[in-house]
Amino acid sequence: MADYEIVVGLEIHAELATKTKIFCGCETTFGGEPNTHCCPVCTGMPGTLPVLNEQVVEYAVRAGLATDCEIAHFSKLDRKNYFYPDLPKAYQISQFDLPLCKGGHVTLDSGKEIGITRIHIEEDAGKLVHDKVSRRTFVDYNRCGVPLIEIVSEPDMRTAEEVHEYVEKVRAILLYAGVSDCRMEEGSLRADVNLSVRHRGAEAFGTRTEMKNINSLRAIYRAVLGESKRQIEELEAGGHIVQQTRRWDDNKGASRVMRSKEEADDYRYFPEPDVVPIKLDDARIASIRASLPKLPAARVEDYIKTGVAKDDAIIITASRALADFYEQAAARSDAKEAAKWVVGEMMRQLKDRSLEPEDIPFPPAYLADLIGLCKKGEITAASGKKVFALLFDEAAAPAELVEKHGLRVVGDADAIGKAIEQALDANPKSITDFKNGKDKAFGFLMGQCMRVLGGKADPAALRVKLTESLKNR
């Protein structure tokens, strides 16, 4: 495989977070009983007329501005003709030659820019439900007409790692811009992977295949590796690659043929006669731009200026909810300390509890208060971690939790002295090791003293007292 280079471009489909569909007033809420979120318009009944949802255009423009696209002052909608049973009109209203956004890019952590050819709006199709018991297929039209943006990249990605990072970056940008919930497990963000291989150093692209509707980061990564391996093995065996649409089966780790790849001519595009063109002036575009929040890349730069490590800044900004939480905590305490807690304990607790950053059950001010308690020496770092975990379980401020659970630093000299004597009496060999110059013995004894004190002693004070006690032994 070292003799070959992978060439990948993605078409990312993101469902927009509008309350109603693109051409009718039906709700877009995920779930619900089959065929309960649909009407004559989104099920394509004869005689119905679509009316474009203005917020769909605004959200698409927000996504375009967030990815440095040029926004069209004039664009239109087109009919893309094809038949699938989950698209009852037998055509999809999309955009062809005049998309809303074009010519943007997304920058990877390496500094490499992945070009964005275009971002356009379109309607989603319904969903086929295959019943293995009855061996029948049912159609749920709830998703028909849910507004989508399609983000089409240039074929600029060369590794599975770049593809994975690009999708992560796009997902974060859309979340920050507030245009999609990007819940891949619900299908609101999914990707078509266009992939070809070529001999390393060659200029011409190879024949590409397209893998449709992959809806997890892991599956996208594995699909790139699996399909590139299949194509290389086919070429090495003397065969040739056929341009096809394929489906990636993540359970089997392989792709399979769906149909021959369609071209634009196959769709017989023509302007949608029932929807007026979209016209945007400079003032409207400027207004939408002004409404955008600070995006991940800009926040990373801001955090680095306050002394936060770049890797930590990237972790924090992967989620807007986490970044917003961090910024509010940092504003009330210390930026570097807040980053350390968010990247360390916060990420650990969220993972262990299977929570998302949006689910953090306490306000940022509580983290700032906790940092303050540690800095003042009122609690140890170990106790601070205990308090942090308790914040997820109990609706109380850090200071209240410290008192309730007896976690305040033990400052009583007599109590510290007794704990040291108890630890030393139980570990005479370590005393001998220390006196023989083995430095690790001191660390061990510190740990034993902390254990006796329940981790609540001031480490600096304990170190001084333990050193004195060892001299007298």
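Throughout, residue positions are numbered sequentially from 1 according to the sequence presented. Because the structure is a prediction, the values reported are computed rather than measured.
When all heavy atoms are compared, the tightest approach of V275 to L77 is CG1-CD1, 3.3 Å. Counting all heavy atoms, side chain and backbone alike, C144 lies closest to G126 at SG-N, 3.4 Å. Nearest heavy-atom pair, A335 versus A330, reported as atom, atom and distance to 0.1 Å: CA-CB, 3.9 Å. Contact record, V139 with D86: CG1-CA, 4.0 Å, taken as the closest heavy-atom pair. Nearest approach of A399 to L373, heavy atoms of both residues: N-CD1, 4.0 Å. Contact detail for T43 and C38: the closest heavy-atom pair is CG2-CB, 3.9 Å.
By the 4.5 Å heavy-atom criterion applied to side chains, L87 and Y82 are counted as neighbours. K386 has its side chain within reach of L407: a pair of non-hydrogen atoms, C-beta onward, lies under 4.5 Å apart. Contact check for I360 versus M346: side-chain heavy atoms found under the 4.5 Å cut-off. T306 is not listed as a side-chain neighbour of D302, based on a closest heavy-atom distance of 4.5 Å or more. The shortest side-chain heavy-atom distance between T317 and L322 does not fall under the 4.5 Å cut-off. Between I22 and L52 there is a side-chain heavy-atom pair separated by less than 4.5 Å. Looking at H130 and R135, their side chains never come closer than 4.5 Å, going by heavy atoms from C-beta outward. Residues V106 and I173 are in side-chain contact: their nearest non-hydrogen atoms beyond the backbone lie under 4.5 Å apart.
With Y4 as the partner, the side-chain hydrogen bond (donor to acceptor under 3.5 Å, both in side chains) test is satisfied by one option alone out of Q231, R198, E236, R200: E236.
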Test log, rule side-chain contact (heavy atoms from CB on, under 4.5 Å), inputs L128 and D140: CA-CA 6 Å; L128 297 179; D140 180 4; over 6 Å; no
For the pair L401 and E394, evaluate side-chain contact (heavy atoms from CB on, under 4.5 Å) and give the outcome as yes or no after the intermediate values. CA-CA 8 Å; L401 294 173; E394 302 183 31; 3.4 Å; yes
From CA spacing to verdict: side chain to side chain donor-acceptor pair (under 3.5 Å), E11, N194: CA-CA 8 Å; E11 299 166 20; N194 291 275; 3.2 Å; yes
Side chain to side chain donor-acceptor pair (under 3.5 Å) between Y59 and Q55, intermediate numbers included: CA-CA 6 Å; Y59 279 10; Q55 193 172 47; 3.3 Å; yes
Kindly determine whether R246 and E210 satisfy side-chain contact (heavy atoms from CB on, under 4.5 Å), including the steps that lead there. CA-CA 6 Å; R246 303 177 69 89; E210 181 181 25; over 6 Å; no
Under the criterion side chain to side chain donor-acceptor pair (under 3.5 Å), I'd like the reasoning laid out for S94 against Q92: C-alpha separation, chi angles, the key distance, then a yes or no. CA-CA 6 Å; S94 180; Q92 178 190 42; 4.6 Å; no
Could you check Y326 against Y303 for ring-ring contact (aromatic ring centres under 6.0 Å, His included), going step by step and ending with a plain yes or no? CA-CA 10 Å; Y326 161 74; Y303 299 171; 4.9 Å; yes
Apply salt bridge (Lys or Arg N to Asp or Glu O under 4.0 Å) to the pair R136 and D131, showing each step before the final yes or no. CA-CA 5 Å; R136 293 181 178 181; D131 187 338; over 6 Å; no
Applying side-chain contact (heavy atoms from CB on, under 4.5 Å) to R143 and E15, what does each step give before you reach the verdict? CA-CA 10 Å; R143 201 171 64 185; E15 290 184 354; 3.4 Å; yes
Pair K229-E233, salt bridge (Lys or Arg N to Asp or Glu O under 4.0 Å): steps then yes or no: CA-CA 6 Å; K229 182 174 183 290; E233 288 175 348; 2.6 Å; yes
Going through the checks in order, is the salt bridge (Lys or Arg N to Asp or Glu O under 4.0 Å) test met by D250 and R218? CA-CA 9 Å; D250 201 46; R218 176 181 180 272; 2.7 Å; yes
Any chance you could lay out the side chain to side chain donor-acceptor pair (under 3.5 Å) test for N53 and T20, step after step, and finish with the verdict? CA-CA 8 Å; N53 183 337; T20 56; 3.2 Å; yes
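In this structure, K89 is positioned above the aromatic face of Y91, its NZ or CZ under 6.0 Å from the six-membered ring centre and within 45° of the axis. K80 forms a cation-pi arrangement with Y267, by the criterion of a distance under 6.0 Å to the ring centre and an angle within 45° of the ring axis.
Atoms CG and CZ, on L295 and R320 in that order, are 9.0 Å from each other to the nearest 0.5 Å. Taken to the nearest 0.5 Å, the CD1 atom of I119 stands 9.0 Å off from the CG atom of L100.
Panel note: side chain T209, backbone Q244; no donor-acceptor pair is recorded below 3.5 Å. Proximity of a side-chain donor or acceptor of K19 to a complementary backbone N or O of G25 within less than 3.5 Å is not detected. No donor-acceptor pair under 3.5 Å is formed between the side chain of Y176 and the backbone N or O of A318. Without hydrogens or angle criteria, E5 side chain to R158 main chain gives no donor-acceptor distance under 3.5 Å. Side chain of N142 to main chain of H37: a donor-acceptor pair is present (N/O by atom type, distance under 3.5 Å, no hydrogens or angles). No side-chain donor-acceptor contact under 3.5 Å links Q95 to the backbone of H120. A donor-acceptor contact shorter than 3.5 Å is absent between the side chain of R208 and the backbone of G9. Remark: side-chain polar atoms of R171 are paired, donor with acceptor, to backbone N or O of C182 under 3.5 angstrom. With S383 contributing its side chain and I379 its backbone, the two residues share no donor-acceptor pair below 3.5 Å. In terms of modelled atom types and a separation under 3.5 Å, the side chain of N81 and the main chain of R268 share a donor-acceptor contact.
With respect to K169 and D109, a salt bridge is recorded, a charged nitrogen being found less than 4.0 Å from a carboxylate O. Using a 4.0 Å cut-off between charged side-chain N and carboxylate O, K375 and D334 make a salt bridge. Here D97 pairs with K76 in a salt bridge; the nearest charged N to carboxylate O distance falls below 4.0 Å. With salt bridges taken as basic N to acidic carboxylate O contacts below 4.0 Å, none links K294 and D324.
Counting non-hydrogen atoms of neighbouring residues, nucleotides and ligands closer than 6.0 angstrom, the CZ atom of R247 reaches no more than 12 such neighbours. Heavy-atom contacts from other residues, nucleotides or ligands closer than 6.0 Å to NZ of K112 number more than 12. Counting non-hydrogen atoms of neighbouring residues, nucleotides and ligands closer than 6.0 angstrom, the CD atom of E185 exceeds 12 such neighbours. Summarising the local packing, CD of E358 is surrounded by more than 12 heavy atoms from other residues, nucleotides or ligands at distances under 6.0 Å.
A donor-acceptor contact closer than 3.5 angstrom links the side chains of R62 and S291. In this model, no donor atom of one side chain and acceptor atom of the other lie less than 3.5 Å apart for S188 and E186. With no hydrogens or angles considered, a side-chain donor-acceptor pair links S255 and E227 at under 3.5 Å. Between T117 and E154, the side chains place a donor N or O and an acceptor N or O closer than 3.5 Å (distance only, hydrogens not considered).
Using cut-offs of 30° and 60° for the angle between ring planes, the F392 and F362 rings count as perpendicular.
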